[in-house]
Number of protein chains: 2
Amino acid sequence: MKKLKLLDIASALGISKTTVSKVLNNYSDVNQFTRIKVLDYVRKVGFEPNRQASFLRTKKTKTVALILPRLENDFFTKIQEGILKVSQENDYSLSVATSYDCFETEKKLVSQFLNRNVDAIFLSISHQTINFDHLIEIQKQGKILVLFDKIEKTLDCPKVIIDDRKASFIATEHLIKNGCKQILHFRSGYKPQISIDRYLGYRDALNKYNIPFDKEKVIVCEITDEKNGFSAAKKAFELGMKIDGLLAGSDHAAIGAIQFFKNKKLSIPKDISVVGFGNWKLSKFSTPSLTTVDQSAIQMGEEIFKIFLEEKLLESRDESPSNKTHTLSANLIVRESSTKNL
Amino acid sequence: MKKLKLLDIASALGISKTTVSKVLNNYSDVNQFTRIKVLDYVRKVGFEPNRQASFLRTKKTKTVALILPRLENDFFTKIQEGILKVSQENDYSLSVATSYDCFETEKKLVSQFLNRNVDAIFLSISHQTINFDHLIEIQKQGKILVLFDKIEKTLDCPKVIIDDRKASFIATEHLIKNGCKQILHFRSGYKPQISIDRYLGYRDALNKYNIPFDKEKVIVCEITDEKNGFSAAKKAFELGMKIDGLLAGSDHAAIGAIQFFKNKKLSIPKDISVVGFGNWKLSKFSTPSLTTVDQSAIQMGEEIFKIFLEEKLLESRDESPSNKTHTLSANLIVRESSTKNL
DNA sequence: TTCTTTATCGAAATCGATTTCGAATCTCTT
DNA sequence: AAGAGATTCGAAATCGATTTCGATAAAGAA
């Protein structure tokens, strides 16, 4: 029960494998009767050409690679889901890997994927990445690079991000309109662009409503998980801050903080209104349910793959990569944790 | 800036590409001085052989494929996480796809992956799958097949499952020990093995504690999501059942049911104790927090890949696939939703 | 010294497709 | 009827590695 080869088809039909290949690749110099004969036979025996051989010849693998900083994260999972949906529809294969937010791992993965001749690499840069030579190498080798989420502006490739600054602005504005005047903000590190943008959006809103900015009210949590959310809230408390609102860096951090506030017998949202970030599944089911920013990650994933397809078109016309930054808008999902007047 | 080929290395060193290849593949008929010379040079220029070419020759792609019924599901996400961790450590590439629980899609994916010459396919069978020829084909082509979660016992390949029957037994026993005597059970369809096993575990526990089984108390939800959990609870209510416990088919279904019970002013766990299934993230943060069965999915993923490695060993010794069913134990995580005496 | 063995190397075949280019046939002008 | 042009085909080169097998030289045995 060996696998059929091009040659088997050809000799069965009494023609050359060249012609069979031409039919399968829609060459025009094939008589329509032979074409039909081949197509019928191919369909009948269910022949599919060995991809490996054609990859070697054409240098195209119909495979795209996705490198995520981590997997245990709804946001990235959804991005994968979006990419997978569209890539599968287009008969592309998707290879997934995680950098575990480690620079060395990221470099190694990129090099491995290049060796495997993937057509494109979709990447959210790791926290630790400090140098971008490995990404430039991707383009040097004629592969398509699409950055998303944690991007690097100086690189000459299409980028997809959420408008975090605006989202953060809207979330903060929502708190203000609900009567908050002392708004705490948990941000992740100083470097990540998303952290910067969210911080700026927060300040934009304070500015617009003439609320004085208080440096102390911005607390850095390198990783915005429950534990850090909890301890950040504790820290604010111990510093004796007066607080009536919180814009957290993630739903998890928000929930950690709520946990702390509850322990202190504070009522959410009456005493402190809270807004998270991410619209993770748990945000809907926590008590109180959490107002949060939905990042429409699935849509982002779909967008990423579509951009890749466009880039391929550009490339086929010998044009250079687009370099455009695609900004998707996030939207606020208002739930119990921030609606004092309910 | 072209990519280096074997021939480039060879002529730079004044030897043949055969010898270079032999060094890289640890052949013994190479002089140790030439070997070192080659290795040094290869390291210096950072040469890596074109995978596509070697794949064509060797028929091994160092790629494994994972086909999941769906992605928006913590359980499968964690399985992927486990597989990815170990596969990455072993320099394997992981291709992911979803069947969307559709038989046709599953068949198509399997055929595509076979054409791409993946070394193994890891698969959780789709709900709709009624025929297994496509899976037998995997083995006919000498590829390794590992089934998990939704498996098919008649197939001759290694399988990895959770001991759902026992887990379900423990969960039900836990409810009984907490004083429940009228335990509702939501199960998914009649065919899936996990649904059957969980149902059996439920009955095992009833038997052990001499609690009469009431057919009416088992409600089928094809898809165990919140909506169906909600309506299943509603149905039980409308049928006028007396209930003091619920073993749901998933955390989501449990939470949907809790939502309904809350609407009816019933207290959880006082009036009705609830146990979910899956230990999804939200279970920890729902109110009340949800007692649930943790399926240790990450570990399951790791196990799957390790089994693949073992199978490869078997294969290299020309032995037939192992056919063993690996049963991992799940453990109960007790939280508020089921502890009446707190 | 002659014959065997062993160590080391490389030419050539191979994997299975794609693609170039020239040959053969047929049609259509003039 | 001859030449131009279009149509259809296939032999052979190619992609870049792996692997077989024979050649050569060196070492050891008789």
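Residue numbers start from 1 in every chain, and the chains themselves are labelled A, B, ... in the order their sequence lines are given, proteins ahead of strands.
Picking from D:dT19, C:dG16, D:dA17 the nucleotide with the shortest atom distance to the side chain of A:Ala53 gives C:dG16. The side chain of A:Phe47 has C:dA17 as its nearest neighbour among C:dC21, D:dT18, C:dA17. Side chain of A:Leu6, nearest nucleotide from C:dA17, C:dG10, D:dT18: C:dA17. Among the nucleotides C:dT19, D:dT18, D:dG10, the one closest to the side chain of A:Ser21 is C:dT19.
Within 4.0 Å (heavy atoms only), A:Ser54 reaches sugar-phosphate atoms of the nucleic acid but no base atom. Contacts of B:Asn50 with the nucleic acid, taken as non-hydrogen atoms under 4.0 Å apart, involve only primed sugar atoms and P, OP1 or OP2. Within 4.0 Å (heavy atoms only), B:Lys59 reaches sugar-phosphate atoms of the nucleic acid but no base atom. Nucleic acid contact class of A:Asp29 (heavy atoms, under 4.0 Å, all strands): base.
With DNA chain D read from its 5' end, the first of the two nearest nucleotides for B:Thr58 and A:Gly14 is the one closest to A:Gly14. Map B:Asn31 and B:Lys17 each onto its nearest nucleotide of DNA chain C; the residue landing nearer the 5' end is B:Asn31.
One can place CZ of A:Phe55 at 15 Å from P of C:dG16, the figure rounded to the nearest angstrom. What separates CD of A:Gln52 from P of C:dT18 is a distance of 13 Å, to the nearest Å. Straight-line distance from the NZ atom of B:Lys5 to the P atom of D:dT18: 14 Å, rounded to whole Å. When rounded to the nearest whole Å, the span between NZ of B:Lys37 and P of C:dC9 equals 8 Å. Rounded to whole Å, the distance from NZ on A:Lys60 to P on C:dG16 is 24 Å. Distance A:Leu56 CG to D:dT14 P: 14 Å, rounded to the nearest Å. Rounded to whole Å, atom P of D:dA12 lies 17 Å from atom CZ of A:Arg57. Summarising the geometry, the separation between CG on B:Asn26 and C1' on D:dT19 is reported as 15 Å, rounded to the nearest angstrom.
In terms of phosphate contacts, B:Thr19 brings no side-chain nitrogen or oxygen within less than 4.0 Å of OP1 or OP2 of C:dC9. Phosphate proximity of D:dG10 to A:Thr18: absent, as no side-chain N or O sits under 4.0 Å from OP1 or OP2. Taking 4.0 angstrom as the limit, B:Thr34 places none of its side-chain polar atoms (N or O) nearer than this to OP1 or OP2 of C:dT8. At the phosphate of C:dT18, OP1 or OP2 sits under 4.0 Å from a side-chain N or O atom of A:Asn25.
Here B:Lys78 does not pair with B:Glu81 in a salt bridge; the nearest charged N to carboxylate O distance is not below 4.0 Å. Of the charged side-chain nitrogens involved, at least one lies within less than 4.0 Å of a carboxylate oxygen, so that A:Glu315 and A:Lys60 count as a salt-bridged pair. Ion pairing of B:Asp133 with B:Lys140 is absent here, as no side-chain N (NZ or NE/NH1/NH2) approaches a carboxylate O to less than 4.0 Å. The residues A:Lys306 and A:Glu303 are annotated as not salt-bridged, no charged nitrogen and carboxylate oxygen being separated by less than 4.0 angstrom.
Both tests do not hold together for B:Lys37 against B:Tyr41: distance to the six-membered ring centre under 6.0 Å, angle to the ring axis within 45°.
B:Arg116 and B:Ser95 share no side-chain donor-acceptor pair at under 3.5 Å.
A donor N or O paired with an acceptor N or O is not found under 3.5 Å between the base of C:dG16 and the side-chain atoms of A:Lys3.
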